[in-house]
Asks: 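Below is a structure I'd like to ask you about.
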Amino acid sequence: MKLVRLIANLGYGSRKQVAAMFRQGRITAADGAVLYADDQVEHDQVRVDGDPLDPPQGLVLMLHKPVGVTCSTRDPGRLVYDLLPPRYRLRSPALSTVGRLDRETSGLLLLTDDGALLHRIISPRSKLSKVYEVALAQPLRGGEAERFASGTLMLESEQTPLLPASLEIVTPTQARLTLHEGRYHQVRRMFAAVGNHVVALHRSRVGGLALDGLEEGRWRRLDPPDIASVFGGDA
Ligand code: URA
C-alpha cells in the first residue's frame, strides 16, 4: 500500500492532508530521510514529525471504562473514544468496541479493528466467560444462584432461555456473576427477573484476561500473548 494511503487510513488526515504533510517533509524514515507519498517502506520504519507511526491494522486495546462514558462513536456526551488518542477514532478499518458495556457499567472493554477477532470473541459459539461484580439494592434472598444456573431462566421478550450462569455471593448485597453469552443489559435484566435491582456493575474479566491494575479511564495495547489469554484459561 502506498504510504499516503496507509497514513491516511491510520487517521492522520485525509489523503489530501497527508499529501501536504509529505510536501512539508514531516514524514520521514527512521534515519531522518524525507519520504514521498508513493514510497513503500516498512511500517515500523516510518516517522511522522519524528514519532513512530501508529500501529497497523490488527490493533487490539483494552480499556478500563469508567461509568458515564458510552460505547458509541456518536452519542451525545462522553464516549469511550474520547479516552483514546483522537486519531484512533478516524482509523480505517474502524476501531470498534467488542460488544458494549452500558453507560453506567464500568470495567474491562476490548476494542479492535480486527473484524475476525471481534466476531470470535462475541460469537455465542465461543461461550467466552465474562465476569461481573454486582452491587444490589436488596439483599439476595437465596435461590438466585440456582435460578441463574438452571439454564431455564427466560428474560422478558426473549425467545430462548439464558445459558447457565454462575453466581458467587460475596455479601448479601454484592455478588460475582459469570456469564457465557452477552444479551442486551443481561446482568441488570437477570437481577430484575429475580426481583432485585443492580445499583453498580463492573466487568472484571473477559475470558482469561483481567484488568490487572489498569486504572479507570486508562487503556493499553494488547499483544499476541494477551489476546491468547482471552481465549485461554477459560472453562
Ligand atoms: N449486562 C448489563 O446489564 N450491562 C452491561 O453493561 C453488561 C452486561
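These numbers were taken from a predicted model, which means no experiment stands behind them. Start at 1 and go down the list; that is how both ligands and their atoms are numbered. In this chain, residues are counted from 1 in sequence order. Atoms considered below: every heavy atom in the structure, side chains included; atoms not considered: hydrogens, waters and symmetry mates.
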Asks: Give every residue pair that meets the ring pair (Phe, Tyr, Trp, His ring centres under 6.0 Å) criterion with at least one member in residues 139-171, sequence neighbours excluded.
Replies: F148-F191
Asks: Are V230 and L117 close enough, and set up right, to give a side chain to side chain contact (heavy atoms under 4.5 Å, CB included), and what steps lead you there?
Replies: CA-CA 11 Å; V230 172; L117 176 70; over 6 Å; no
Asks: Give me the one residue out of E133, R176, E216 that meets side chain to side chain contact (heavy atoms under 4.5 Å, CB included) with H202.
Replies: E133
Asks: For R103, check salt bridge (Lys or Arg N to Asp or Glu O under 4.0 Å) against everything at least two apart and list the hits.
Replies: none
Asks: Run through ligand 1 for me and note each protein residue having a heavy atom under 4.0 Å from it, chain first, then residue number.
Replies: L101, D102, T105, Y132, H185, Q186, V187, R188, L201
Asks: I need the full list of salt bridge (Lys or Arg N to Asp or Glu O under 4.0 Å) pairs touching residues 72-85, with sequence neighbours left out, sorted by first then second residue.
Replies: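 As it turns out, the salt bridge (Lys or Arg N to Asp or Glu O under 4.0 Å) pairs with a partner in residues 72-85, which skip direct neighbours, are D82-R89.
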Asks: Would E104 and R188 pass as an ion pair if we require N to O under 4.0 Å?
Replies: no
